[in-house]
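All figures in this text were calculated on a predicted structure; none of them were measured in a lab. Counting begins at 1 with the first residue of the sequence. As a basis for the values below, the full set of heavy atoms in this structure was taken, side chains included, without hydrogen atoms, waters or symmetry mates.
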Amino acid sequence: MKIFKKDIDWAVSEGILSSEQGESLWNALQKRTSNRPQFNFANVAYYFGAFIVLSGMTWFMTLAWEQFGGKGLLFLACFYTFLFVLAGQTLWFKQNLKIPGGLLFTIAVCMTPLAIFGLLTQVESWPNPYVADDYSTYFIQETSRLILMELGTILAGLITVKFIKFPFLMAPITLASGFLSIHVTAAIIFYYTGQTGWYSQENWVFFWFGLSCLIVAYCVDVKTSRLEEDYSFWLYLFGLISFWFSMTFMGIGYYWNPFIYLLINFVLILLSVLLHRRVFIVFGTLGISYLLYDLSYRTFQGSLLFPLTLMVLGLLVIYAGIQYQRNEEAIERLIVGNLPRTIRDILPRRRS
């Protein structure tokens, strides 16, 4: 529920609150929610600025590698990590600016793979993949290097999130885990088969990674649902992106069964009610709309009925959204209320 100043003013005008109580309540709510992620200019500026910093640092580090080599890259990555941590600590602990402070800690975590890359170039016993004798040697050496960089990023992120309660830190952890799943799979396949050209099947890796990520997100959601910080959001988001896009682009609706694809997307919509996560209904609706669009295209291709069908489809989606918004609480009570108590007890609590 979003509360605006006009809602407090309405309560005062109705005699529910006195003017003093209304002003005190509004001031207290503003103070309580000042460090929560919100879609306003300040937070958009924070996140957009962090993205620009990461882009600039990536470009800068690439040039540093070309000019100073691995030793210079290692020094610069550690130096800027120290500066970001120092600035983040000042904003987080001393000025109580949680969002910009947390973003600086996140940028510091993102410096980890650059530092590890620079370090590995200085280890004499570590082979240099860029001077490998053959492609197989290059492949396994480069894959090993990437795995170490991703493991280091995950470890740095987990250590940071233990001390800095900032949910966005889960984003680099999840991204590094996704790439780690690809490179570990590549290493395993190479070890047993000697093949390096398996990447045509990487959709399956993303599919299973996304599904695993959703399971982990659910476990985190259940354990942290009583907390104010939402650590599972980014896990749900990246898990759904990986799961849904890989499932869709693998052609599951064509090569398996359109009904299975439709059923999976209906399950995503159901999970949005059970888990109180609207991101599920977004992907579920996209999937159903995509399937209906494809079926309409195949059926009415080249016919005037195709654009008319699309218009009807769009209106039906809008109508479904209106009905869901009007009856969201009733739908939730109907679905959740008919579940066995053992299942209701393991669902995450609704966050405030």
**Request:** Dump the intermediate steps for side-chain contact (heavy atoms from CB on, under 4.5 Å) on Phe280 and Val273, then the final yes or no.
**Result:** CA-CA 9 Å; Phe280 280 89; Val273 177; over 6 Å; no
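- Looking at heavy atoms from C-beta onward, Thr248 lies in side-chain contact with Tyr261 at the 4.5 angstrom threshold.
- Evaluated for a side-chain contact (heavy atoms from CB on, under 4.5 Å) with Pro172, the options Ile107, Thr106, Thr112 yield exactly one hit, Thr106.
- Here the CG atom belonging to Leu73 is positioned 11.0 Å from the CG atom belonging to Leu120, to the nearest 0.5 angstrom.
- Residues Phe179 and Leu54 do not share a hydrophobic cluster, clusters being chains of Ile/Leu/Val/Met/Phe/Trp/Tyr side chains in contact below 4.5 Å.
- A 4.5 Å side-chain heavy-atom check between Val161 and Tyr231 finds at least one atom pair inside the cut-off.
- Cluster membership for Ile154 and Ile215, using ILVMFWY side-chain heavy atoms within less than 4.5 angstrom, is not shared.
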**Prompt:** Between Ile241 and Phe283, is a side-chain contact (heavy atoms from CB on, under 4.5 Å) present by the stated rule, with each step listed?
**Reply:** CA-CA 8 Å; Ile241 291 174; Phe283 282 91; 3.7 Å; yes
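- Residues Phe84 and Val53 form a side-chain contact, since some pair of their non-hydrogen atoms from C-beta on lies under 4.5 Å apart.
- Looking only at distances, no side-chain donor or acceptor of Ser289 sits under 3.5 Å from a matching main-chain atom of Leu286.
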**Test side-chain contact (heavy atoms from CB on, under 4.5 Å) applied to Leu268 and Leu240, step by step** = CA-CA 9 Å; Leu268 292 180; Leu240 278 171; 4.0 Å; yes
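- Taking the six-membered ring for Trp and thresholds of 30 and 60 degrees, Phe166 and Phe168 have ring planes more than 60 degrees apart, a perpendicular arrangement.
- For the pair Tyr218 and Leu275, the minimum side-chain heavy-atom distance is below 4.5 Å.
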**Item:** Stepwise side-chain contact (heavy atoms from CB on, under 4.5 Å) check, Val109 with Leu169
**Value:** CA-CA 8 Å; Val109 171; Leu169 283 165; 4.0 Å; yes
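- Scanning both residues, Ser242 and Gly210, for their nearest heavy atoms gives OG-N, 3.6 Å.
- Between Ser232 and Arg277, the closest heavy-atom pair is OG-NH2, 2.8 Å.
- Trp244 is not listed as a side-chain neighbour of Ile264, based on a closest heavy-atom distance of 4.5 Å or more.
- With Thr121 contributing its side chain and Gly118 its backbone, the two residues share a donor-acceptor pair below 3.5 Å.
- A ring-centre distance under 6.0 Å is found for Phe243 and Phe207.
- Using a 3.5 Å distance cut-off with no hydrogens or angles, the side chains of Asp221 and Tyr236 do pair a donor with an acceptor.
- A distance of 4.5 Å separates NE2 in His183 from CG in Leu146, rounded to the nearest 0.5 Å.
- Distance CG/Leu180 to CD1/Ile173: 12.5 Å, rounded to 0.5 Å.
- Using a 4.5 Å cut-off on side-chain heavy atoms (C-beta onward), Met170 and Phe233 make no contact.
- For the pair Ala115 and Leu74, the tightest heavy-atom approach, listed with the atom from each and the gap, is O-CD1, 3.3 Å.
- No continuous path of ILVMFWY side-chain contacts below 4.5 Å connects Met247 to Phe209, so the two sit in separate hydrophobic clusters.
- Under the 4.5 Å side-chain contact rule for hydrophobic residues, Phe51 and Phe105 do not share a cluster.
- Taking CG of Leu274 as the start and CD1 of Ile269 as the end, the distance is 12.5 Å to the nearest 0.5 Å.
- Taking a 6.0 Å sphere around CZ of Phe82, one finds it holds 12 or fewer heavy atoms contributed by other residues, nucleotides or ligands.
- Proximity of Leu271 to Leu214: side-chain heavy atoms (C-beta onward) are nowhere separated by under 4.5 Å.
- Residue Lys71 qualifies as open at atom NZ: its count of foreign heavy atoms under 6.0 Å is 12 or below.
- In plain terms, the two heavy atoms of Pro113 and Thr153 that are nearest each other are CD-OG1, 3.2 Å.
- Side-chain contact between Lys162 and Ile159: absent, with no pair of heavy atoms (C-beta onward) separated by less than 4.5 Å.
- Closest of all the heavy-atom pairs between Val220 and Leu235 is CG2-CD1, 4.0 Å.
- A continuous path of Ile, Leu, Val, Met, Phe, Trp and Tyr side chains, each step under 4.5 Å between heavy atoms, connects Val85 with Leu158, placing both in one hydrophobic cluster.
- Separating the CD1 atom in Ile260 from the CG atom in Asn265 is a distance of 12.5 Å, to the nearest 0.5 Å.
- One finds the CD1 atom of Ile147 at 12.5 Å from the CD1 atom of Ile116 (value rounded to the nearest 0.5 Å).
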